Amino acid sequence: MNDQRKSPWWVGVLAWTCALLLFFPIFWVAITAFKTEQQAYTPSLLFVPTLATFGEVFSRSNYLAFVQNSLIVSLGSTLLCLLLAVPAAYSMAFFPTRRTQKLLLWMLSTKMMPAVGVLIPIYLLAKGSGLLDTVTGLTLVYTLINLPIAVWMAYTYFNDVPREILEAARIDGANAWQEMVYLLLPTAMPGLASTALLLVILSWNEAFWSLNLSSVNAAPLTVFIASYSNPEGLFWAKLSAASLLAIAPIMALGWLAQKQLVRGLTFGAVK
């Protein structure tokens, strides 16, 4: 006999309220993008939509170049992150030492450090090595700032894999490489896929380092948005149009991969 309990009515109301509050800024940006600059300063839902603002945005800058830089940096840093995080998580999950937990906590603590605290040394390193305003430089920085999250998530997924599977493989003569390729990666693939998706989103949305380490050649979409805020003032309609163009690709990716993301984030939660 199934024990199905209905949630109280206020739970649904609270959920819809939170959803609407989160969605409202995106909705407002979307409608403002189809206004003129004069209409953008009027908080009204009654207006005649126009595509003129998008035309001005496209004529002012090369949108596809910014998209290309964002794609290269996001996908490149995600791939590099996983290449470094998976072996590290494998060793810490299956060959732990007395300092493994301390090492994991230390890696996580680096995410709590204000980014501005290390801006000067990283800027000087990038400038001295010729990586300032380059796609390679941004890719390396994004990899370093997201690596602790990737290691932690991969470690969690590997830690949920039954040890009996590896013991059986070792009895059959499998080496570490075969364990990784034929057992661990397929078993933890939902979790690793959600990790990759999360890393792409974090890299795509990263603004602090892109604004400080790039200007022209490697500028991603975050710089594209910021270019519409200048000493002359804020152009709300153009800023909204640029923001909508910047967030649309990653929102579409998140929407299409939401089932995979939820499945990966809850991987191993229920035994």
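Side chains included, hydrogens not; waters and symmetry mates left out as well; all remaining heavy atoms used. Note that the structure is a prediction, hence the values are computed from the model and not measured.
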Do [X] and [Y] pair up side chain to side chain, a donor and an acceptor below 3.5 Å, judged on atom types alone?
| X | Y | result |
| --- | --- | --- |
| Ser77 | Asn146 | no |
| Ser215 | Asp133 | yes |
| Tyr157 | Ser194 | yes |

Euclidean distance, [Y] [atom2] relative to [X] [atom1], rounded to 0.5 Å:
| X | Y | atom1 | atom2 | result |
| --- | --- | --- | --- | --- |
| Leu202 | Trp204 | CG | CH2 | 13.5 Å |
| Leu213 | Lys127 | CG | NZ | 12.5 Å |
| Ile225 | Leu211 | CD1 | CG | 9.5 Å |
| Thr187 | Glu179 | OG1 | CD | 11.5 Å |
| Gln38 | Phe47 | CD | CZ | 14.0 Å |
| Asn175 | Gln178 | CG | CD | 4.0 Å |

message: Trp10 vs Thr17, test: side chain to side chain contact (heavy atoms under 4.5 Å, CB included). Steps then yes/no.
response: CA-CA 10 Å; Trp10 58 266; Thr17 302; over 6 Å; no
Without swapping roles, check the side chain of [X] against the backbone of [Y] for a donor-acceptor pair under 3.5 Å.
| X | Y | result |
| --- | --- | --- |
| Glu37 | Lys238 | yes |
| Gln39 | Thr36 | yes |
| Ser61 | Tyr63 | no |
| Ser59 | Glu56 | yes |

message: Using the side chain to side chain donor-acceptor pair (under 3.5 Å) definition, which of the options Ser70, Ser227, Ser210 pairs with Thr222?
response: Ser210
Should we say atom [atom1] of [X] is surrounded by more than 12 heavy atoms from elsewhere, each under 6.0 Å from it?
| X | atom1 | value |
| --- | --- | --- |
| Tyr182 | OH | no |
| Leu105 | CG | yes |
| Lys111 | NZ | yes |

Is there a side-chain contact between [X] and [Y] in this structure, where contact means two heavy atoms from C-beta onward sitting under 4.5 Å apart?
| X | Y | result |
| --- | --- | --- |
| Leu103 | Arg99 | no |
| Leu132 | Tyr123 | yes |
| Leu221 | Phe224 | yes |
| Val223 | Ser214 | yes |
| Leu185 | Val86 | yes |
| Asn212 | Phe208 | yes |
| Phe158 | Leu184 | yes |
| Thr134 | Leu138 | no |

Out of curiosity, does [Y] fall in the hydrophobic cluster containing [X] (side-chain heavy atoms, cut-off under 4.5 Å, transitive links)?
| X | Y | value |
| --- | --- | --- |
| Ile201 | Val151 | no |
| Leu21 | Val11 | no |
| Trp152 | Leu84 | yes |
| Ile31 | Phe24 | yes |
| Leu64 | Leu75 | yes |

- prompt: Should Glu206 and Val141 be marked as a side chain to side chain contact (heavy atoms under 4.5 Å, CB included) after you check the CA-CA gap, both sets of side-chain angles, and the distance that decides it?
  reply: CA-CA 11 Å; Glu206 176 59 44; Val141 172; over 6 Å; no
Specify the closest pair of heavy atoms between [X] and [Y], including all atoms of both residues, with the distance to one decimal.
| X | Y | value |
| --- | --- | --- |
| Pro220 | Tyr142 | CG-OH, 4.4 Å |
| Asn69 | Ala218 | ND2-C, 3.5 Å |
| Ala241 | Thr53 | CB-CG2, 3.8 Å |

task: Would you confirm whether the ring centroid of Tyr155 sits within less than 6.0 angstrom of the ring centroid of Tyr90?
output: no
- prompt: Phe54 and Phe58: aromatic ring centres closer than 6.0 Å?
  reply: no
statement: Between Thr195 and the options Leu198, Leu197, Leu199, the side chain to side chain contact (heavy atoms under 4.5 Å, CB included) test singles out Leu199
query: Passes side chain to side chain contact (heavy atoms under 4.5 Å, CB included), Leu140 versus Leu80? Steps please.
result: CA-CA 8 Å; Leu140 291 176; Leu80 188 55; 4.0 Å; yes
- request: Could you check Trp209 against Ile122 for side chain to side chain contact (heavy atoms under 4.5 Å, CB included), going step by step and ending with a plain yes or no?
  value: CA-CA 10 Å; Trp209 292 109; Ile122 290 182; 3.6 Å; yes
query: Between Trp28 and Lys35, is there a cation-pi geometry (under 6.0 Å to ring centre, at most 45° from the normal)?
result: yes
message: Classify the ring geometry of Trp236 against Tyr41: parallel below 30°, tilted from 30° to 60°, perpendicular beyond 60°.
response: perpendicular
